[in-house]
Each structure stands twice: as C-alpha cells, then as structure tokens.
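A note on names: the letters A, B, ... follow the listed sequences, proteins ahead of strands, and every chain is numbered from 1.
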Amino acid sequence: MRFYPLPRSFFSRDPRRVARELLGKAVVRFRKKKILVGRIVEVEAYLGKGDPAAHAAAGVTARNRVLFGPPGHAYVYFIYGQHFCLNVSCQPEGKAGCVLIRALEPLAGLEEMARARGLRAKDGKVASKRLTTGPGRLCQAMGITRARDNGKDVTWEDSDLWIVDLRFRPRRIRRTPRIGIRQATAEKLRYILAESEFVSG
DNA sequence: ATATCGATTATCT
DNA sequence: GATAATCGATATG
C-alpha cells in the first residue's frame with residue numbers, strides 16, 4: 001500500500017477542525033535514504049488575530065509570515081534558545097492559523113530517531129517513549145529545523161516532509177487547555193488521543 | 001512521584 | 001532588555 005500527502009484542502013480550514021482531524025494521521029519524513037514515521041497523538045490549534053497566544057496575533061512579521069501564506073506549509077520556529085517546533089499552516093491564504101504538532105507515536109525509523117536524539121540504545125532496544133513525546137523532541141528525532149524546513153509545502157509529493165492518512169481510527173479524543181502559554185489558557189485548544197501512551201505532559 | 005531551575009538565542013518592546 | 005507554543009538534570013517527598 002502506498003501513501004500520499006494529505007491535500008491542501010485538508011488544511012484550508014479552521015485550525016480547530018484541522019487539529020482534531022490530524023489526530024491519528026502521521027508525519028512522514030524522508031531523510032538520509034530512510035523513512036521516519038510517527039502517528040500524531042497530540043496537537044494544539046493556534047488561531048489568527050484574536051488569539052493572544054498565537055504568533056500571528058500581532059500581524060505579519062519576518063518570523064511568522066508562513067502563517068499568512070497558503071495552507072499546508074510547515075511553520076518551524078526556534079524557541080528557548082535550543083528547540084524547534086513544527087506547525088502546519090491552516091486557513092486560506094491571507095488568513096492566519098496553524099496546528100502545532102506536539103507528540104508522535106514512533107512507527108518507523110526508531111533507530112534513526114534514537115540516534116538523532118542522542119539516545120543510543122545500550123542493549124539494542126530503543127526507549128520509544130522519549131523519542132517523539134514533545135514538540136522539541138519530535139523535531140530533533142526527525143531532523144526538523146527552521147533552516148531546513150520552514151515554509152516547506154507538506155502537501156507536495158516531492159517534499160521530504162508529509163502528513164499522511166494511515167486510516168487509523170482514533171478511539172477517544174480529549175480536549176485540554178494548551179501547554180506552556182500564559183495567554184488564553186482557558187480555551188481547550190489542545191487535542192490528544194486519550195488512549196495513547198505517547199502524549200506529552 | 002512532582003518541583004524547580006538553567007541552557008541559550010531569535011524576536012519584539 | 002525581557003520573554004518564550006521546551007527539555008533534561010537535579011533535588012526532594
């Protein structure tokens with residue numbers, strides 16, 4: 001069975017809708033002749049103007065301009081001096097919004113991920129829980145950086161970064177407030193697969 | 001088990 | 001100059 005990236009129309013909608021539907025989908029990364037795959041188990045929706053916690057809240061800047069471009073593009077930013085975070089732009093071009101990918105269940109390329117994370121297995125086994133449970137961790141595991149991936153079209157078949165539908169059926173989806181922010185903490189814009197062992201926090 | 005803290009830099013005030 | 005959509009280490013119950 002072959003898989004293809006989700007179409008742009010999937011992302012050209014409200015980030016809350018996209019966030020919910022991204023649960024159970026997968027991030028696919030082609031890197032150094034290897035394929036890395038992780039099931040999305042935790043995401044957060046960030047809206048446009050009117051969402052004080054969103055990078056897009058203050059309008060277009062050099063950093064966030066991808067958010068105002070066409071949907072289905074990677075928005076990668078550097079945070080706390082040492083981590084990258086992966087988002088996918090949503091909404092039609094001109095209207096900001098995105099979904100932050102916060103945690104994955106590693107499905108393929110575990111050895112590559114462990115190496116990228118600096119978690120060399122001592123006995124040959126990989127501690128999968130530490131690989132991709134967290135936005136910074138999953139970027140490190142998949143080699144996602146701002147220089148390499150910011151602005152990349154994740155719906156393009158020739159891209160080395162895809163979001164695909166693996167036909168996985170989520171059992172139970174839960175909503176909670178977003179993590180690590182100080183504004184707009186009341187709204188439940190974090191979506192998690194309740195049954196997953198790979199949710200962060 | 002939870003709590004606190006330092007790292008380190010792009011970005012914005 | 002302050003802050004940040006985080007992580008890993010260390011300390012303590």
*Verify whether the ring centers belonging to Phe3(A) and Trp162(A) lie closer than 6.0 Å.*
no

*Is the distance between the ring centroids of His55(A) and Tyr77(A) less than 6.0 Å?*
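Yes, the ring of His55(A) comes within the 6.0 Å limit of the ring of Tyr77(A), centre to centre.
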
*Please name all residues satisfying side-chain contact (heavy atoms from CB on, under 4.5 Å) with Arg171(A), sequence neighbours left out, ordered by chain then number.*
Glu195(A)

With a cut-off of under 6.0 Å to the ring centre and 45° to the axis, is [X] in cation-pi contact with [Y]?
X: Arg8(A); Y: Phe11(A); value: no
X: Arg178(A); Y: Tyr46(A); value: yes
X: Arg39(A); Y: Phe168(A); value: yes

[X] [atom1] - [N] [atom2] separation (whole Å):
X: Leu100(A); N: dA4(C); atom1: CG; atom2: C1'; value: 13 Å
X: Ile101(A); N: dA5(C); atom1: CD1; atom2: C1'; value: 12 Å
X: Arg182(A); N: dT3(C); atom1: CZ; atom2: C1'; value: 10 Å

Side chains of [X] and [Y]: closer than 4.5 Å at any heavy-atom pair?
X: Arg172(A); Y: Leu193(A); value: no
X: Cys90(A); Y: Val99(A); value: yes
X: Arg20(A); Y: Ile173(A); value: yes
X: Arg16(A); Y: Leu47(A); value: yes
X: Ile101(A); Y: Leu138(A); value: yes

Under 4.0 Å between any heavy atoms, over every strand shown, what does [X] touch: base, sugar-phosphate, or nothing? Just pick one.
X: Arg117(A); value: sugar-phosphate
X: Arg63(A); value: sugar-phosphate
X: Thr61(A); value: sugar-phosphate

*Extract, from 5' to 3' on DNA chain B, the first and final nucleotides lying under 4.0 angstrom from some heavy atom of chain A.*
dA7(B) to dC12(B)

*Non-hydrogen atoms of Leu100(A) and Pro135(A) that approach each other most closely*: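 Nearest heavy atoms, Leu100(A) then Pro135(A): CD1-CB, 4.3 Å.
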
*Of the non-hydrogen atoms in Glu42(A) and Leu23(A), which two are nearest, and what is the gap between them?*
N-CD2, 3.7 Å

_N/O (side chain, Arg102(A)) to phosphate O (OP1/OP2, dT6(C)) under 4.0 Å_ =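 Checking dT6(C) against Arg102(A), a side-chain N or O does come within under 4.0 Å of OP1 or OP2.
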
*Same hydrophobic cluster for Ile179(A) and Leu22(A), using side-chain heavy-atom links shorter than 4.5 Å among ILVMFWY?*
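Per the 4.5 Å side-chain linkage, Ile179(A) and Leu22(A) are not co-clustered.
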
Can you pull every protein N or O that's under 3.5 Å from an N or O on nucleotides 9-12 of chain C?
none

*Keeping the roles fixed (side chain from Asn64(A), backbone from Gly59(A)), state whether a donor-acceptor pair exists under 3.5 Å.*
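Flag set: sc Asn64(A) to bb Gly59(A) pair under 3.5 Å.
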
_More than 12 heavy atoms from other groups under 6.0 Å of CZ on Arg148(A)_ =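 Buried by this count: over 12 neighbours within 6.0 Å.
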
*Going by heavy atoms closer than 4.0 Å, what residues in residues 40-60 of chain A are next to DNA chain C?*
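Contacts with DNA chain C under 4.0 Å: Tyr46(A), Ala53(A), His55(A).
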
*Identify, residue by residue, the members of residues 70-84 of chain A with a heavy atom below 4.0 Å from DNA chain B, and return them in order of residue number, or none.*
Phe78(A), Tyr80(A), Gly81(A), Gln82(A)

*asked:* Please give the stem ranges for DNA chain B, sorted by first residue number, where a stem is three or more consecutive Watson-Crick or G-U pairs and both donor-acceptor distances are under 3.5 Å.
replied: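 DNA chain B stems, ordered by first number: B:1-7 with C:6-12, B:9-12 with C:1-4.
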
